[in-house]
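Quick notes on the structure that follows.
Both ligands and their constituent atoms are indexed starting at 1 by order of listing.
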Amino acid sequence: MTLPSSVHPPQRVLLGPGPSVIDPAVLSALARPTLGHLDPAFLVIMDEVRGMLRQVMGTENELTFPMSGTGSAGMETCLVNLIEPGDPVLVAVNGVFGTRMAEVARRAGAEVTTVEQTWGRSFSADELRAGAGGKSFKLLCIVHAETSTGVLQDLAAARTVADECDALLLVDCVTSLGGHAVHLDDMGVDAAYSGTQKCLSCPPGLSPISFSPRASAVLSERKTPVQSWYLDLSMISNYWGSDRAYHHTAPINMLYGLHESLRLILVEGLEERIARHALHGRALVAGLESMGLAPRVAAEERLAPLTAVAVPQGIDDGRARSFLLNQFGLEIGGGLGPMAGNTWRIGLMGAGATRHSVTLCLAALRAALTDQGQDPGVDPLMAAGEIYAS
Ligand SMILES: *Cc1c(COP(=O)(O)O)cnc(C)c1O
């Protein structure tokens, strides 16, 4: 048998829902020498990661560190550590990730109540309150940035209703962290998780999590052991804390990557980075609208790092996305669930949130429409340029 050659992936521009474009500085950090997970030099790196993560998440929470695994591992970590069998949990569902939270909570033994919203819309306090139905819950779970639909959730509304039903507030910040303002402490978030491959602009593989003192107390007062051994924070926090007790081998090189990506965020400045995402998101939408592509989400609840647009009548979704990939090396996302086949999801995340990305994406989409006989007859770069000039 002949051996395969070593891996040389094609160069792509990743403007889908994640993984996102990665800064070369992060890629080169990944290639530095692997240390032992208890090496004193590595312990310094861990502490720096925790410190920078707290800044980026806007929290003083002691229990803040990256879990080994992707964003879904962070979701599962938050849920299995806070839920004991029979606990009542309220989950807000307006897309794929709320649906996933409800499923994970059920599997962890919770009595799950869902409050549903049309995909493409966020929840008001009244809508969440109606879903709570005057009952008490241990947790209220909600997605800050629903990547499946492009919707941004107002967390103040969620906090208000969580207070009314005596619940801890658990928030999915996978796509918002590093792209929208996420101030866990100011917003009164009790438990949060994110992922490295969205606006943190790092490869997939780690999931930052944070527990408030209240959530940590719920963890330490559990009557039953955490159902998952691997995700048990009572043990993992001994490795990230001063004991440094071995639990599982930390993914050393991934942590170098996260260290570099957090550093780049703080060098740029959080406010500046969020403003950058907002600017390029607006320019993209202006260009798309000028070509007649309609955003799926109203302007006031639209995400900056992820824009969902309707695929125009008569355009074949799969053919268009293959065209973008083959002709331009450009990846955008298709729709999920009820949006499959009729929605494109365009991510401008982290290092991908640039004017260059906006230009490439608009020009390539125009070519994709023309390829299927629907020349939009306008240059979308003009409309985007007006945003940049204003
Ligand atoms: C991507 C994503 C997840 C899941 O993360 P994985 O890294 O795919 O496991 C969860 N929630 C949201 C909002 C996401 O965008």
Side-chain angles (χ1 to χ4, degrees), residues 14-22 57 66-80 91-105 107 114 117 119-123 139 141-155 158 169-182 184 189 191-210 228 230-231 251 254 257-258 261 277 281 296-297 301-308 331-337 339-340 343-350 352-353:
L14 298 177
L15 302 185
S20 57
V21 175
I22 296 173
M57 296 180 107
M67 293 294 290
S68 310
T70 65
S72 304
M75 176 190 294
E76 192 135 0
T77 298
C78 291
L79 290 165
V80 299
V91 184
V93 177
N94 60 347
V96 166
F97 296 105
T99 306
R100 187 175 298 179
M101 275 207 267
E103 174 64 15
V104 175
R107 291 187 186 203
T114 57
Q117 173 59 291
W119 288 34
R121 299 255 336 272
S122 72
F123 290 88
L139 297 177
C141 308
I142 200 158
V143 179
H144 191 202
E146 212 358 304
T147 324
S148 63
T149 61
V151 167
L152 181 67
Q153 173 64 41
D154 169 26
L155 293 182
L169 178 61
L170 192 169
V171 178
D172 175 319
C173 302
V174 174
T175 289
S176 51
L177 191 65
H180 277 279
V182 174
L184 295 186
V189 175
Y193 59 91
S194 189
T196 43
Q197 79 274 26
K198 313 277 169 102
C199 295
L200 298 180
S201 245
C202 191
L206 290 173
S207 174
I209 55 132
S210 188
S228 163
Y230 191 68
L231 303 177
M254 280 307 303
L258 178 59
S261 73
H277 281 86
R296 285 276 183 217
V297 177
E301 50 188 25
R302 199 179 283 156
L303 288 175
L306 193 284
T307 300
E331 178 181 287
I332 66 167
L336 296 174
M339 293 184 175
T343 300
W344 287 323
R345 292 181 302 148
I346 303 169
L348 297 172
M349 300 181 180

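- Residue Pro204 places no heavy atom under 4.0 Å from ligand 1.
- Put simply, the side chain of Ser194 gets close to the backbone of Cys173: a donor and an acceptor are under 3.5 Å apart.
- Counting protein heavy atoms only, atom 15 (O) of ligand 1 is closest to Thr147 OG1, 2.3 Å.
- Evaluation of the salt bridge (Lys or Arg N to Asp or Glu O under 4.0 Å) rule for Glu331 yields no partner, not counting sequence neighbours.
- Taking distance alone, with nitrogen or oxygen atoms compared against 3.5 Å, Thr70 approaches ligand 1 more closely than that limit.
- Note that the NE2 atom of His144 and the CZ atom of Phe97 stand 15.5 Å from one another [nearest 0.5 Å].
- Contact of the Leu170 side chain with the Tyr193 side chain is registered, since non-hydrogen atoms from C-beta on lie closer than 4.5 Å.
- No part of Ser207 comes within 4.0 Å of ligand 1, judged by heavy-atom distances.
- Ligand 1 has no N or O atom lying under 3.5 Å from any N or O atom of Met75, backbone or side chain.
- Every atom of ligand 1 is numbered from 1 in the order shown, and the set under 4.0 Å from a heavy atom of Ser72 is 4 (C), 5 (O), 6 (P), 9 (O).
- Which parts of ligand 1 touch Gly71 is read off a 4.0 Å heavy-atom cut-off, strictly below it: atoms 5 (O), 6 (P), 7 (O), 9 (O).
- Atom 1 (C) of ligand 1 has its closest protein heavy atom at Lys198 NZ, 1.5 Å.
- Close approach of ligand 1 to Thr175 is summarised as follows: ligand atoms under 4.0 Å from at least one heavy atom of the residue are 15 (O).
- For Arg296, the salt bridge (Lys or Arg N to Asp or Glu O under 4.0 Å) test picks out no residue, with sequence neighbours left out.
- At the top of the distance list for atom 10 (C) of ligand 1, counting protein heavy atoms only, stands Phe97 CD2, 3.2 Å.
- Summary of contacts: the protein heavy atom closest to atom 8 (O) of ligand 1 is Gln197 NE2, 3.9 Å.
- Note: Gln153 CD to Ile142 CD1 = 3.5 Å, rounded to the nearest 0.5 Å.
- Near Ala145, meaning under 4.0 Å from any of its heavy atoms, are these atoms of ligand 1: 13 (C).
- A distance of 4.5 Å separates CG in Leu200 from CG in Leu177, rounded to the nearest 0.5 Å.
- Separation of atoms CG (Leu152) and CD (Glu146) is listed at 11.5 Å; rounding is to 0.5 Å.
- The nearest protein atom to atom 11 (N) of ligand 1, hydrogens excluded, is given as Asp172 OD2, 2.6 Å; this is a heavy-atom distance.
- Between Glu76 atom CD and Ser207 atom OG the span is 11.0 Å, to the nearest 0.5 Å.
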